[in-house]
Amino acid sequence: MRLLQPSKACGLNRLNKMDKTKEIWTIGAILKWTGQYFQEKGVDNPRLDAEVLLSHILGQDRLHLYVHFDQPLTRGELASFREMVKKRAGRMSVAYIIGHKEFMGLDFLVSPAVLVPRPDTEILVEAVSTRLGNFAAPRILDIGTGSGAILISLLKSLPSGLGTAVDISPEALAVAKKNAQSHGVNERAQFCLGNVFEPVAGQVFDCVVSNPPYIPDGELAALAPEVRGEPQLALAGGVDGLDFYRRIISEGAIYLAAGGLLVLEVGAGQAREVALLAENTPLKNNAIIKDYAGIERVVLMVKE
Ligand code: SAM
Ligand code: GLN
């Protein structure tokens with residue numbers, strides 16, 4: 001096999017030619033080139049993203065890449081990789097490109113109909129999981145379930161838990177249902193289409209969780225291109241970003257058993273304002289939990 005030196009052509013031109021010339025690309029060479037290309041395009045973690053995309057195409061983990069640096073890619077692999085590189089250079093998130101995202105150590109199916117689950121949200125899941133650990137069969141409601149990441153990981157960690165997920169997007173609910181099935185919790189989960197509490201009128205839960213849309217409307221346009229590619233329905237929280245908190249906190253106690261928990265993810269700088277919304281309700285502030293970056297991320301209330 002003839003190993004040619006990668007040519008001097010660069011950028012999109014080089015990308016378009018990648019699988020058409022006789023040039024042979026090894027894993028090592030293509031990772032180097034793609035990392036640089038992504039960097040030019042303003043991608044946050046250029047090398048990591050190149051590795052994740054390539055390991056996805058090869059059906060191998062990232063370690064495999066490092067021990068097979070000299071392995072040449074086939075024409076088919078190159079063609080598929082080129083399409084993915086174009087999407088990432090156009091700032092589509094890696095999760096949408098490969099259709100998966102890891103959350104709480106579990107693999108979740110994602111599509112552009114759902115928010116890509118964030119590591120920060122794992123803080124909420126851990127807090128709830130610890131606190132519900134001594135409930136016999138906790139009933140959990142997840143408002144705005146998206147991919148189902150929160151509810152499904154809670155049901156995985158609480159084997160006797162029973163879950164209800166609400167979302168106003170039928171496309172998102174379809175993704176959440178598939179995830180519940182693949183994680184074997186579908187028999188303990190219900191999926192309801194509708195607006196906040198409307199589909200669960202008359203029901204009572206031990207815990208209501210939500211990571212609602214919380215970006216102030218005026219900040220939407222300035223979000224990173226990857227985030228702007230997520231559904232506006234998953235992000236827009238009204239003029240000050242707090243619309244959903246007002247609603248969930250004012251009505252929340254109706255849907256909670258005595259001693260039940262309301263646990264909310266909040267955006268940076270919102271925790272204190274959200275906590276104040278519980279004044280004059282049966283909900284009492286219990287804790288504000290910080291994320292890995294030290295930002296107050298989760299507000300926990302208890303129904304007295
Ligand atoms: N829970 C997921 C997570 O943490 O990754 C997704 C959270 S995303 C920030 C908010 C979700 O709320 C979106 O899936 C969106 O479709 C849903 N949503 C927006 N408005 C809603 C409403 N009025 N009622 C119910 N769900 C709504
Ligand atoms: N965490 C998302 C972000 O950083 C926002 C999700 C939400 O509005 N709940 O953009």
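Whatever order the structure lists ligands and atoms in, that order sets their numbers, starting from 1. Heads up: numbering here begins at 1 and tracks the sequence.
- Of the charged side-chain nitrogens involved, at least one lies within less than 4.0 Å of a carboxylate oxygen, so that Arg88 and Glu226 count as a salt-bridged pair.
- Here the two rings, on Tyr255 and Phe197, have centers that are under 6.0 Å apart.
- Taking each of Val125, Asn195, Thr145, Asp167 in turn, the one with a heavy atom nearest to atom 14 (O) of ligand 1 proves to be Asp167.
- For Glu230 and Arg118, the salt-bridge test passes: some basic side-chain N is under 4.0 Å from an acidic carboxylate O.
- In the displayed structure, Lys290 atom NZ is contacted under 6.0 Å by at most 12 heavy atoms of other residues, nucleotides or ligands.
- Between Glu83 and Lys87, no side-chain nitrogen of the basic residue sits less than 4.0 Å from a carboxylate oxygen of the acidic one, so the salt-bridge criterion is not met.
- A tilted orientation is assigned to the rings of His100 and His56, their planes being inclined by 30° to 60°.
- Close approach of ligand 1 to Gly194 (heavy-atom distance below 4.0 Å) involves ligand atoms 24 (N), 25 (C).
- Residue Pro231 places no heavy atom under 4.0 Å from ligand 1.
- A salt bridge links Arg246 with Asp240: at least one charged nitrogen is closer than 4.0 Å to a carboxylate oxygen.
- With atom 1 (N) of ligand 1 as the reference point, the heavy atom nearest to it among Gly144, Ala165, Pro117 is part of Gly144.
- Protein heavy atom in closest approach to atom 27 (C) of ligand 1: Ile168 CG2, 3.6 Å.
- For atom 20 (N) of ligand 1, the nearest protein heavy atom (residue, atom name, distance) is Phe244 CZ, 3.4 Å.
- Short contacts between ligand 2 and Pro213, defined as distances under 4.0 Å to a heavy atom of the residue, involve ligand atoms 8 (O).
- Close approach of ligand 2 to Val227 (heavy-atom distance below 4.0 Å) involves ligand atoms 10 (O).
- Backbone and side-chain nitrogen or oxygen atoms of Glu265 are examined, and none is located within less than 3.5 angstrom of a nitrogen or oxygen of ligand 2.
- Nearest non-hydrogen protein atom to atom 3 (C) of ligand 2 is Arg118 NH2, 3.6 Å.
- At a cut-off of 3.5 Å, with distance as the only test, a side-chain donor of Glu265 or Thr121 sits close to an acceptor on the other residue.
- Protein heavy atom closest to atom 19 (C) of ligand 1, with residue, atom name and distance, is Leu233 O, 3.1 Å.
- No part of Val114 comes within 4.0 Å of ligand 1, judged by heavy-atom distances.
- Atom 24 (N) of ligand 1 has as its closest protein heavy atom Val196 N, 2.9 Å.
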* Show your reasoning for whether side-chain contact (heavy atoms from CB on, under 4.5 Å) applies to Tyr66 and Glu51. => CA-CA 10 Å; Tyr66 278 87; Glu51 290 177 10; 2.4 Å; yes
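- Put simply, the side chain of Arg139 never gets that close to the backbone of Gly161: no donor and acceptor are under 3.5 Å apart.
- Tyr214 does not count as a contact of ligand 1, since none of its heavy atoms falls under 4.0 Å from the ligand.
- Some N or O of Asn211 is nearer than 3.5 Å to an N or O of ligand 1, by distance alone.
- When hydrogens are left out, the protein atom nearest atom 1 (N) of ligand 2 is Tyr214 OH, 3.0 Å; that is the closest non-hydrogen contact.
- For atom 7 (C) of ligand 2, the choice among Pro212, Ala268, Gly267 with the nearest heavy atom turns out to be Pro212.
- Remark: distances from the non-hydrogen atoms of Ile143 to ligand 1 are all 4.0 Å or more.
- Considering backbone and side-chain N/O of Ala149, none are found under 3.5 Å from N/O of ligand 1.
- Looking at ligand 1, you won't find any N or O of Ala234 less than 3.5 Å from one of its N or O atoms.
- Two residues are said to be in side-chain contact when any heavy atoms from C-beta on lie closer than 4.5 Å; Leu261 and Val208 fail this criterion.
- Ligand 2 has no atom lying under 4.0 Å from any heavy atom of Ala236.
- Between the side chains of Asn195 and Arg247, a donor-acceptor pair is found at a separation under 3.5 Å.
- Atom CD of Gln203 is surrounded by more than 12 heavy atoms from other residues, nucleotides or ligands within 6.0 Å.
- Residue-level proximity to ligand 1 for Ile150 is carried by the side chain, the only part with a heavy atom below 4.0 angstrom.
- Counting only heavy atoms from C-beta outward, the side chains of Leu242 and Val274 approach each other to under 4.5 Å.
- Those atoms of ligand 2 that come under 4.0 Å of a heavy atom in Ala234, given as number and element, are 7 (C), 8 (O).
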